[in-house]
Enquirer: 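Starting off with a structure, shown below.
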Amino acid sequence: MSRVRLLSDTLASQVAAGEVIERPASVVKELVENSIDAQAQAIEVMIRRGGISLIRVTDDGIGMDRDDALLCLERHATSKIRTAADLATVGTLGFRGEALPSIASVARFRLTTREKEAVAGTEVIVSGGRIETVRDGGEAPGTQVEVRSLFYNLPARRKFLRSENTETRNIEHQLNLQAIAHPGIGFSLVRDERVVFQLPAAKTLRDRIRDLMGNELLARLLEVEPAEGELRVRGFVGQAGVSRASRAQQFVFVNGRAVENPVIGAALKEGYHTALMKGQFPVTFLFVELPPAEVDVNVHPAKREVRFRDPVGVREAVVTAIRKTLESDRSSWQEQFRAPSVPEIPLVRRAEPVPPSNHVAQPNFPVEIGGLATTGDRFSPNEERRPVGEHHFRILGILNKLYVLMENAEGLVLVDQHAAHERILFEELRRRMEEKGVPSQRLLLPQVIELAPRDAEWIERNLPTLQKMGLGVEEFGRHTFKLESLPPFLSGTEPARLLQDVIDSLKSASNSSSPLRLGEEMIAKTVCRHAVKANDLLRQPEVEKLILDLLDCELPYCCPHGRPTMIQISLGELEKKFGRKM
Ligand code: ADP
Ligand code: MG
């Protein structure tokens, strides 16, 4: 008895819908992409109850005639590709001809559409995949799709929907993506009769980001310097130290299409490297553009994923772009300390007699901290904001034995002296490592250390890097090593513990890294930590030198773990806080 049967069209669509339409946000994505492909200038989205009860997308695009309005509801009906060759060079967001029939099979669906010159439009009503009504419609030119009671005929699916708020957030995120990818198109979102946002068509990506995210974020973004070539990376990325706990603001587009791509995700991390806190994600509005033949967009039914022909090339381009952009920001940062104008009245009055810690304290005994020269007197704030080197700032004091308080032309600056020192030391050691290796000092008593087999194997593999880092390690029998020398600033550390620390913190980081990168990780994760102590009291010339050295760093504004080294509080912000200005 034969058992194989063809599925009915409706059922086949519902099966396909399972992949394309996961949740209300996928409906919004598909409909908005159709509007963009139809050359819309303005797209309005209206949702009720998280899109579960209603999603309506209205555009002013080219519209459809009656034949197309009916045909577009058939599976695999598309105007966007014809041949396999077209598939390789597809320039539209859609091409699979699946979205409309899928949506129509799992909801109550209404389409009204009209071409620009047509006297009348068409209205089609579909319920659960069955066409119920076709008639003339009188709407404005363009297309409107209404999707009600999503998954009403698939209770199992409906159960998987999250709360209205979560679904709304997903929809908003989806629209954010589209709005960023297409600044030239106006977008609006109305949720339960309330306007969530209304974005006018923008001239530039910068304008669109401002309209969508506000000036505050924009001020902390850097424009990627576009590099010429077949593979281009452009857009905006957060300054060093700007990050989020999730990927919610990591917007990445490949040829105008929002994607989630592990290659690019990893490249972003690598590009930020020490400018990113552990477990944090960068803020990016990044566009990767490359010839269509170099990227396969037909990997995932919802086209969220792409595959590159040359992933290494893409990775490299993104890493380089991010690095260059972050470093180019240094001069503008230094500029803040070079500003010539000096306000008349000092911002902060000198504190009263030496208070206990937790206040602006003047250190009363000098302590040396690794790597900083110690000269001169106890700390006493200089009276004038005088040029220090070529910089203009005035050091006011030290708060809680940790934060250096400074005044510059913009206002108040707080420097975390510990983070600052870590950054300085990190860059110095990296420079030395790249040049000829970190100098090393013989231990009086070489230490013989036995390691677990797996750790031993790791050490063997990375011996050259360790030696460049000033750790004089040698093999000394099976799973046993002799540690003969250390960099001078580590001489106080217990060698066996240091070595174990190096292994523990680097093993996970090193599986794919280059020796250079491994060296950097090592400095950032272990060497710095062992070298710098918190709560060290600095004398005034040391503080000055610390600040100057910091300003000379490649990435002065964050420590090697991505935490900020300095916080600027502008006069404007202070005025606001004191209610002098609204
Ligand atoms: P695809 O976008 O992959 O072609 P869809 O099912 O999303 O498949 O849409 C089918 C077709 O319907 C599209 O190719 C397009 O010709 C037409 N269409 C869909 N939405 C619109 C719209 N908003 N304006 C004009 N035409 C549209
Ligand atoms: Mg489509």
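When a ligand or atom number is given, it counts from 1 through the structure's own listing order. The figures here come from the full heavy-atom set of this structure, side chains too, leaving out hydrogens, waters and symmetry mates. All of these numbers come straight from a predicted model, not from anything done at the bench.
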Enquirer: How does Thr78 reach ligand 1, if at all, at less than 4.0 Å between non-hydrogen atoms: by side chain, backbone, both, or neither?
Expert: both
Enquirer: With a cut-off of 4.0 Å, which atoms of ligand 1 are near a heavy atom of Arg96?
Expert: 3 (O)
Enquirer: Report, in ascending order of atom number, the atoms of ligand 1 lying under 4.0 Å from any heavy atom of Gly94.
Expert: 2 (O), 3 (O)
Enquirer: Using a strict 4.0 Å threshold on nitrogen-to-oxygen distance, state whether Arg110 and Glu139 make a salt bridge.
Expert: yes
Enquirer: For atom 20 (N) of ligand 1, grab the closest protein heavy atom and report residue, atom and distance to one decimal in Å.
Expert: Asn34 CB, 3.2 Å
Enquirer: Measuring only between side-chain heavy atoms, which start at C-beta, is Leu31 closer than 4.5 Å to Val147?
Expert: yes
Enquirer: Give the contacting part of Pro101 toward ligand 1: side chain, backbone, both or neither, where contact means a heavy-atom distance below 4.0 Å.
Expert: side chain
Enquirer: Does Leu7, at its CG atom, have more than 12 non-hydrogen atoms belonging to other residues, nucleotides or ligands within less than 6.0 Å?
Expert: yes
Enquirer: Any heavy atom of Glu30 sitting closer than 4.0 Å to ligand 1?
Expert: no
Enquirer: Do you know the tightest heavy-atom contact between Thr78 and Lys80?
Expert: OG1-N, 3.0 Å
Enquirer: Hey, is ligand 1 close enough to Ala38 that some N/O pair sits below 3.5 Å?
Expert: no
Enquirer: Quick one: look at Glu98 and ligand 1, take heavy-atom pairs under 4.0 Å, and tell me if it's side chain, backbone, both or neither.
Expert: backbone
Enquirer: Closer than 4.0 angstrom, basic N to acidic O: yes or no for Arg323 and Glu270?
Expert: yes
Enquirer: Heavy-atom distances under 4.0 Å decide this one: backbone, side chain, both or neither, for Ala99 against ligand 1?
Expert: both
Enquirer: Nearest protein heavy-atom contact for atom 22 (C) of ligand 1: which residue, which atom, what distance?
Expert: Thr143 OG1, 3.7 Å
Enquirer: Does this structure show an ion pair linking Glu33 with Lys29, if we count only N-O contacts that are shorter than 4.0 Å?
Expert: yes
Enquirer: What I want to know is whether Ser79 and ligand 1 share at least one N or O pair that is separated by under 3.5 angstrom.
Expert: yes
Enquirer: Using a plain distance cutoff, I'd like to know if Cys72 has any nitrogen or oxygen under 3.5 Å from a nitrogen or oxygen of ligand 1.
Expert: no
Enquirer: Can you establish whether the number of heavy atoms outside Arg244 located under 6.0 Å from its atom CZ is more than 12?
Expert: yes
Enquirer: Assess whether side-chain contact (heavy atoms from CB on, under 4.5 Å) is satisfied between Ser35 and Ile185, documenting all intermediate values.
Expert: CA-CA 10 Å; Ser35 297; Ile185 300 176; over 6 Å; no
Enquirer: At a threshold of 2.8 Å, where the distance has to be below it, does the Mg ion (ligand 2) have an N, O or S atom of Thr78 nearby?
Expert: no
Enquirer: When you measure from atom 2 (O) of ligand 1 to every protein heavy atom, which one gives the shortest distance, and what is it?
Expert: Lys80 NZ, 2.7 Å
Enquirer: Which residue and atom name correspond to the protein heavy atom nearest atom 10 (C) of ligand 1, and how close is it?
Expert: Ala77 O, 3.4 Å
Enquirer: Is Glu216 paired with Arg220 through a side-chain N to carboxylate O contact shorter than 4.0 Å?
Expert: no
Enquirer: Any idea how His273 and Phe426 line up, ring-wise: parallel (<30°), tilted (30 to 60°), or perpendicular (>60°)?
Expert: tilted
Enquirer: Students should be able to answer this: which protein heavy-atom is nearest to atom 23 (N) of ligand 1, and at what distance?
Expert: Asp59 OD2, 2.9 Å
Enquirer: Got the closest protein heavy atom to atom 17 (C) of ligand 1, with its distance?
Expert: Met64 SD, 3.6 Å
Enquirer: Is Leu100 close to ligand 1, meaning an N/O of one under 3.5 Å from an N/O of the other?
Expert: yes
Enquirer: At a non-hydrogen distance cut-off of under 4.0 Å, which region of Thr113 contacts ligand 1 (side chain, backbone, both, or neither)?
Expert: neither
Enquirer: Could you tell me whether ligand 1 has any atom less than 4.0 Å away from a heavy atom of Gly97?
Expert: yes
Enquirer: Under 4.0 Å from a heavy atom of Phe95: give me the atoms of ligand 1 that qualify, with their elements.
Expert: 1 (P), 3 (O)
Enquirer: Out of the candidates Arg162, Arg23, Arg48, only one should pair with Glu167 under the salt bridge (Lys or Arg N to Asp or Glu O under 4.0 Å) rule; please name it.
Expert: Arg23
Enquirer: Do you know which two heavy atoms are closest between Val318 and Leu268, and how far apart they sit?
Expert: CG1-CD2, 4.0 Å
Enquirer: Any idea which heavy atoms bring Tyr557 and Leu326 closest together, and the distance?
Expert: OH-O, 2.9 Å
